[in-house]
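Single-structure report; data block below.
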Amino acid sequence: MEISLNSGYKMPTVGLGVWRMEGKEIKDLLLNAIKIGYRHFDCAADYKNEAEVGEALAVAFESGLVKREDLFITTKLWNSDHGHVAEACKDSLKKLRLSYLDLYLVHFPVATRHTGVGETGSAIGEDGVLDIDTTVSLESTWHAMEDLVSTGLVRSIGISNYDIFLTRDCLAYSKVKPAVNQIETHPYFQRESLVKFCQKHGICVTAHTPLGGAIANTEWFGSVSCLDDPVLRGLAEKYKKTVAQIVLRWGIQRKTVVIPKSSKAGRLEENYKVFDFELSKEDMDIIQGLDRNYRTNQPAKFWGIDLYA
């Protein structure tokens with residue numbers, strides 16, 4: 001199942017996020033995911049594992065498991081490289097062992113002090129606050145992203161963690177429209193206005209943290225996961241599915257792309273088996289009523305500043 005992007009390319013509706021996957025396990029996880037049926041992998045320079053992902057992809061191609069054109073590979077420009085877009089993209093391509101990216105995203109709408117291409121540690125000032133570079137505009141970053149399309153390094157470009165205001169501005173100054181806005185969205189943080197705005201203007205919404213962060217975000221941010229919600233548990237029993245499958249199916253029926261992350265082989269398969277059932281309109285409405293406007297991903301913990309304020 002795929003969604004058509006405004007760039008003319010198609011993006012698989014379910015992908016695998018590689019955030020917090022560690023080097024030694026990545027090859028087996030990615031090869032297993034491909035065998036299960038995954039064709040969409042969501043990476044980022046900041047995840048610090050592009051080289052390991054590249055090694056796994058090389059094995060998949062060389063063994064004949066899949067061809068390059070069978071896969072949809074996303075990675076992201078880190079905050080400290082906004083003034084070095086082409087160099088950062090080429091660095092990611094080298095690590096991933098690819099000649100082009102299917103999708104390249106601006107990871108966060110903020111430029112920070114440059115620390116070296118591919119060096120993705122957050123630049124923190126002496127005051128303990130993220131060292132934001134006020135000389136690099138999001139517009140100039142975007143035009144550099146557009147150049148990647150014209151040079152053939154990237155097929156589609158997009159944004160991530162942009163709100164309605166920033167998305168509107170990007171639409172206004174762009175020559176190549178953003179194909180995707182990747183945002184946190186799940187039953188406890190539905191962001192219906194932003195999702196509908198993007199879809200109205202031809203921008204596909206990809207849901208990162210589509211399961212509400214689960215264990216990963218609980219560990220990092222102390223957040224509560226929607227997977228423990230009694231209403232969702234009831235729906236899982238009704239459809240004879242797991243709560244995660246109910247939540248992912250809800251995301252798909254909202255016409256969003258979902259990129260759950262898992263390091264467990266059983267969960268990989270479970271998260272992909274979401275195409276053999278459909279939630280009724282009544283049950284979609286029930287889930288809509290669970291919204292708490294509850295963000296689980298809180299980088300302010302590390303940056304000393306709330307960029308969402």
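For the pair Asp91 and Lys95, the salt-bridge criterion is met [side-chain N within less than 4.0 Å of a carboxylate O]. With salt bridges taken as basic N to acidic carboxylate O contacts below 4.0 Å, one links Glu269 and Lys273. A salt bridge links Asp46 with Lys48; the closest basic N to acidic carboxylate O contact falls under 4.0 Å. Salt bridge annotation for Asp42-Lys261: absent, with no cationic side-chain nitrogen under 4.0 angstrom from a carboxylate oxygen. Remark: Arg191 does not engage Glu184 in a salt bridge, criterion side-chain N to carboxylate O under 4.0 Å.
The ring of Tyr38 has its center closer than 6.0 angstrom to the ring center of Tyr272. Under the 6.0 Å cut-off for aromatic ring centres, Tyr47 and Trp78 do not qualify, their centroids lying 6.0 Å or more apart.
Atom NZ of Lys90 sits in a sparse spot, with 12 or fewer heavy atoms from other residues, nucleotides or ligands closer than 6.0 Å. Heavy-atom contacts from other residues, nucleotides or ligands closer than 6.0 Å to NZ of Lys177 number more than 12.
The backbone N or O of Ile287 sits less than 3.5 Å from a side-chain atom of Gln190, completing a donor-acceptor pair. Side-chain atoms of Thr151 come within 3.5 Å of backbone atoms of Asp147 as a donor-acceptor pair (strictly under, hydrogens ignored).
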Test log, rule salt bridge (Lys or Arg N to Asp or Glu O under 4.0 Å), inputs Arg39 and Glu2: CA-CA 10 Å; Arg39 294 295 180 265; Glu2 298 174 315; over 6 Å; no
Criterion side-chain hydrogen bond (donor to acceptor under 3.5 Å, both in side chains) on Asp283 and Ser280, from CA distance to verdict: CA-CA 5 Å; Asp283 289 334; Ser280 69; 3.2 Å; yes
Criterion salt bridge (Lys or Arg N to Asp or Glu O under 4.0 Å) on Asp285 and Lys281, from CA distance to verdict: CA-CA 6 Å; Asp285 290 342; Lys281 182 183 183 303; 3.0 Å; yes
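In this pair, Tyr173 and His143 present their aromatic rings perpendicular. The plane angle is above 60°, beyond the 30 to 60° band.
Legend: side-chain hydrogen bond (donor to acceptor under 3.5 Å, both in side chains) pairs involving residues 53-71, not counting sequence neighbours, sorted by first then second residue: Arg68-Asp102.
Each of Asp131, Asn79, Asp133 was evaluated against Arg113; a single residue qualifies, Asp131, per the side chain to side chain donor-acceptor pair (under 3.5 Å) test.
Closest heavy-atom contact between Ile246 and Leu235: CD1-O, 3.9 Å.
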